[in-house]
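Numbers for residues simply follow the sequence, beginning at 1. Only heavy atoms go into these numbers, but all of them, side chains included; no hydrogens, no water, no symmetry mates.
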Amino acid sequence: MTRDIRLLGTGQLLELQRRLRAAGHENLRASMQRRIRRAAEPLRTDLQAAIQTTHIRPPGRTTRPGGPSPTSRPLRATIASAIRISVRTTSGTAGARVWIDRSALPPDLVNMPKTINDGRIRHPVFGNRRRWVTQWAQPPWWDTTVRRHTPRMEREVARIVDDVRRRLE
């Protein structure tokens with residue numbers, strides 16, 4: 001799983017940023033960052049919707065009935081709330097980045113976004129380490145969504161860079 005997506009036009013963005021700083025156009029720079037963030041927001045929204053609607057197939061039932069969940073937190077909502085956007089135009093990694101903030105996830109779910117994206121979730125039954133079960137998720141929620149949005153985002157960022165460059169000239 002690609003952990004994050006980065007829209008990079010590093011050379012163009014850094015060169016444009018230097019010109020903005022030299023010209024003293026602070027409001028133009030802030031506007032460019034805001035527009036780049038807006039270009040990435042539909043991706044974040046779709047990633048959140050994709051994880052919320054990902055079907056995780058339960059294992060086949062035995063004659064014993066299932067029990068209540070051992071935790072009260074909803075898995076998909078917890079992962080969706082950890083999806084973040086960051087925009088940088090001043091450092092060596094200029095661009096927009098959509099990523100999963102692992103520090104926002106509980107310690108036992110840190111690797112779960114990748115596991116769900118891979119499609120196979122193997123875990124102990126209610127914490128019983130002597131009995132394990134495999135569940136299957138509809139893969140790949142992250143990769144598919146990112147691939148679908150990348151061309152649109154690249155076009156929007158290129159348009160934003162061209163607009164700012166025209167305003168500087």
Within the structure provided, determine whether [X] and [Y] are in side-chain contact (heavy-atom separation under 4.5 Å).
X	Y	result
Met112	Thr115	yes
Arg120	Asp118	no
Gln135	Arg57	no
Ile121	Thr134	no
Ile83	Pro113	no
Met32	Ile160	yes

Item to check | Evaluation steps, side-chain contact (heavy atoms from CB on, under 4.5 Å), between Ile56 and Arg76 | outcome: CA-CA 10 Å; Ile56 300 175; Arg76 293 176 192 91; 3.5 Å; yes
Are the side chain of [X] and the backbone N or O of [Y] linked by a donor-acceptor pair below 3.5 Å?
X	Y	result
Thr144	Trp141	no
Asn117	Trp142	yes
Trp132	Arg129	yes

Item to check | Arg97-Ser86 side chain donor-acceptor pair, cut-off 3.5 Å | outcome: no
Next on the checklist: Please evaluate residues Ile100 and Arg84 with respect to the criterion side-chain contact (heavy atoms from CB on, under 4.5 Å), reporting the C-alpha separation (whole Å), side-chain torsions for both, the decisive distance (0.1 Å), and the verdict.
Outcome noted: CA-CA 6 Å; Ile100 294 178; Arg84 307 274 192 260; over 6 Å; no
Next on the checklist: With a sphere of 6.0 Å drawn around CZ of Arg122, does it hold more than 12 non-hydrogen atoms of other residues, nucleotides or ligands?
Outcome noted: yes
Item to check | Working for side-chain contact (heavy atoms from CB on, under 4.5 Å), residues Glu156 and Arg35 | outcome: CA-CA 9 Å; Glu156 284 188 38; Arg35 289 175 65 192; over 6 Å; no
Next on the checklist: Measuring from atom CD1 of Ile51 to atom CD1 of Ile116, what distance do you get when rounded to the nearest 0.5 angstrom?
Outcome noted: 4.0 Å
Checklist outcome for this item: Here the gap from Ile36 atom CD1 to Met153 atom CE, rounded to the nearest 0.5 Å, amounts to 10.0 Å
Next on the checklist: Let's go through Leu75 and Leu109 carefully: what are the C-alpha distance in whole Å and the side-chain angles of both, what is the deciding distance for side-chain contact (heavy atoms from CB on, under 4.5 Å) to 0.1 Å, and is it a yes or a no?
Outcome noted: CA-CA 8 Å; Leu75 172 69; Leu109 295 181; 3.7 Å; yes
Checklist entry - Going by an N to O cut-off under 4.0 Å, is there a salt bridge joining Asp163 and Arg166? => result yes
Show me the side-chain donor-acceptor pairs of residues 37-47 shorter than 3.5 Å, one per line, residues at least two apart or across chains.
| residue | atom | partner | partner atom | Å |
| --- | --- | --- | --- | --- |
| Arg37 | NH1 | Ile85 | O | 3.4 |
| Thr45 | OG1 | Glu41 | O | 3.0 |
| Asp46 | OD2 | His149 | NE2 | 2.5 |

Checklist entry - With Gln48, which residues qualify under side chain to side chain donor-acceptor pair (under 3.5 Å), at least two apart? => result none
